[in-house]
Number of protein chains: 2
Amino acid sequence: MLLSKSCVYGLRAALYLAAKNDGEYHSLREMSEELNISFHFLTKILQQLTSDGLMESYKGPNGGVKLSEKGKKATLFDMVIAIDGPGLFTQCALGLPGCGSQEPCPLHESWIDTRASIENMLRRTTLIKIAEEGKAKHFRLTAEGKFSW
Amino acid sequence: MLLSKSCVYGLRAALYLAAKNDGEYHSLREMSEELNISFHFLTKILQQLTSDGLMESYKGPNGGVKLSEKGKKATLFDMVIAIDGPGLFTQCALGLPGCGSQEPCPLHESWIDTRASIENMLRRTTLIKIAEEGKAKHFRLTAEGKFSW
DNA sequence: TAATTTAAAGACATTAAACTCTTAAATAGA
DNA sequence: TCTATTTAAGAGTTTAATGTCTTTAAATTA
């Protein structure tokens with residue numbers, strides 16, 4: 001798969017928060033139930049995004065997480081970098097270290113174009129914009145269409 | 001990563017054979033040494049490609065594997081399908097089962113285009129064509145540039 | 001026929017990703 | 001201050017991918 005499960009879960013949670021975008025903290029329990037993601041696993045992922053500054057968290061009753069200012073400006077690309085790291089956008093398609101225009105592998109030229117188109121797609125818009133569109137068009141964020149923005 | 005390691009190893013081995021393309025069987029020992037791939041692991045992968053009809057094998061002295069007629073016509077796409085399966089070309093970017101134009105996720109429209117560009121890149125040419133170009137331009141197939149077509 | 005070379009098959013081991021559980025720390029409200 | 005709620009942190013488990021080893025079967029050569 002293109003993105004790890006951690007990354008996909010992180011994206012879905014971020015889109016959830018972007019759709020709310022009400023300045024409130026939303027609890028991980030609520031999010032894990034709405035999005036059908038394991039509570040503890042989601043916790044791990046969002047901890048990482050919080051320590052990366054894409055989200056802010058608050059403990060105690062009515063605590064939870066919300067998008068930080070940085071998170072509100074973030075694109076899908078920023079999220080993927082935060083969770084999966086930059087490998088997808090830097091590595092050789094054949095996994096050869098040092099592959100580049102100097103010493104290309106047979107796929108190099110084709111791959112850098114394709115890789116760029118993946119990156120462009122992920123950079124195109126912010127989480128907030130995607131969530132707006134999701135709300136307007138009733139896109140879905142779970143297998144069962146459970147979540148209702 | 002876009003492709004599994006098994007897939008990358010299989011591709012490199014297939015390009016090796018495509019570069020030879022001499023009708024001879026090449027032993028897995030030779031290939032694993034030239035390409036710096038674990039012998040036993042490579043064996044597993046090529047067994048799969050042989051049972052898929054992309055390669056032909058022959059036991060005994062001077063035995064080994066070579067591209068079948070089907071393999072000579074195969075593209076990178078065919079190889080990826082054989083090893084990693086069709087998931088990359090069919091699945092939702094967010095992993096939502098049943099995501100499609102009927103009930104799209106927020107990334108659906110962007111993703112199907114990107115996905116198609118990956119597929120097109122992999123379908124563009126045959127292994128043989130890529131190997132020809134590799135020979136002509138001295139592209140590399142190993143980390144160290146060991147293999148010399 | 002016997003010895004050698006090679007792939008096939010399957011068992012086994014290691015590693016990394018995915019997932020779970022428990023305890024600690026912070027906060028709120030009674 | 002006490003209790004409940006919530007995230008943080010870290011340890012542990014499971015599963016799938018990756019990698020290794022051994023045995024078997026097929027073919028060649030002598």
Side-chain angles (χ1 to χ4, degrees), chain A residues 1-13 16-17 24-68 71 80 83-85 87-88 91 94-95, chain B residues 1-13 16-17 24-68 71 80 83-85 87-88 91 94-95:
Chain A
M1 284 304 301
L2 191 78
L3 306 175
S4 70
K5 283 204 166 190
S6 294
C7 190
V8 165
Y9 293 161
L11 283 178
R12 294 212 277 137
Y16 178 96
L17 292 174
E24 302 288 312
Y25 291 102
H26 293 267
S27 83
L28 298 184
R29 184 65 66 184
E30 164 195 329
M31 294 173 66
S32 75
E33 283 169 4
E34 287 283 322
L35 298 172
N36 280 311
I37 300 172
S38 146
F39 170 73
H40 289 289
F41 196 29
L42 184 60
T43 294
K44 291 287 171 224
I45 298 161
L46 297 198
Q47 267 171 35
Q48 191 178 343
L49 293 174
T50 299
S51 73
D52 254 46
L54 289 163
M55 294 182 182
E56 286 167 10
S57 68
Y58 197 80
K59 290 178 182 173
N62 303 313
V65 295
K66 64 179 178 187
L67 287 185
S68 67
V80 172
I83 301 177
D84 282 347
L88 181 61
Q91 284 173 21
L94 294 181
Chain B
M1 284 300 301
L2 191 78
L3 307 175
S4 71
K5 284 205 166 191
S6 293
C7 190
V8 166
Y9 293 161
L11 282 179
R12 294 212 277 136
Y16 179 97
L17 293 174
E24 301 290 310
Y25 291 102
H26 294 268
S27 80
L28 298 185
R29 184 64 68 183
E30 164 195 330
M31 295 174 66
S32 74
E33 283 168 3
E34 288 282 322
L35 298 174
N36 281 309
I37 300 172
S38 146
F39 170 72
H40 290 290
F41 196 27
L42 185 60
T43 294
K44 292 283 172 232
I45 298 160
L46 298 198
Q47 267 172 35
Q48 192 179 343
L49 293 174
T50 299
S51 74
D52 255 46
L54 289 162
M55 296 183 180
E56 286 168 9
S57 68
Y58 198 79
K59 289 178 182 173
N62 305 312
V65 295
K66 64 180 178 186
L67 288 184
S68 66
V80 172
I83 301 177
D84 282 346
L88 180 60
Q91 285 173 21
L94 294 182

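Here is the naming used below: chain letters follow the sequence lines, and residue numbers restart at 1 for every chain.
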Shortest non-hydrogen separation from [X] to [Y] and the atoms involved:
X	Y	result
B:Gly10	B:Ile45	CA-CG2, 3.8 Å
A:Ala13	A:Leu35	CA-CD1, 3.7 Å
B:Asp84	B:Ser4	OD1-OG, 2.5 Å
B:His26	B:Glu24	CD2-O, 3.3 Å

Categorize B:Leu46 for me: base, sugar-phosphate, or nothing, with a 4.0 angstrom heavy-atom threshold over every strand shown. nothing
Check every strand shown and say whether A:Tyr58 touches a base, only sugar-phosphate, or nothing at a heavy-atom separation below 4.0 Å. sugar-phosphate
Heavy-atom contacts, protein to nucleotides 16-26 of chain C, under 4.0 Å, summarised as B (base), S (sugar-phosphate only) or - (none) per nt, yield --SBBBB---B
Can you list every pair that meets ring pair (Phe, Tyr, Trp, His ring centres under 6.0 Å) and has a residue in residues 28-57 of chain B, with sequence neighbours left out? B:Tyr9-B:Phe41
Between which nucleotides of DNA chain D, read 5' to 3', does contact with chain B run, using atoms under 4.0 Å from its heavy atoms? D:dT18 to D:dT28
For residues 49-60 of chain B, please give each side-chain donor-acceptor pair under 3.5 Å, one per line with the distance, not counting sequence neighbours.
from, atom 1, to, atom 2, distance (Å)
B:Thr50, OG1, B:Leu46, O, 2.8
B:Ser51, OG, B:Gln48, O, 3.0

State which residues pass side chain to side chain contact (heavy atoms under 4.5 Å, CB included) with A:Gln91; sequence neighbours excluded, sorted by chain then number.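 A:Gln91 satisfies side chain to side chain contact (heavy atoms under 4.5 Å, CB included) with B:Met1 only.
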What residues form a side chain to side chain contact (heavy atoms under 4.5 Å, CB included) with A:Val8, not counting sequence neighbours?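 A:Val8 satisfies side chain to side chain contact (heavy atoms under 4.5 Å, CB included) with A:Leu3, A:Arg12, B:Leu94 once adjacent residues are dropped.
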B:Lys66 NZ to C:dA7 C1', straight-line distance once rounded to whole Å: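 Computing the B:Lys66:NZ to C:dA7:C1' distance gives 15 Å.
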Check the distance between C:dA8's P and B:Glu56's CD and give it to me in whole angstrom.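 Between P of C:dA8 and CD of B:Glu56: 12 Å.
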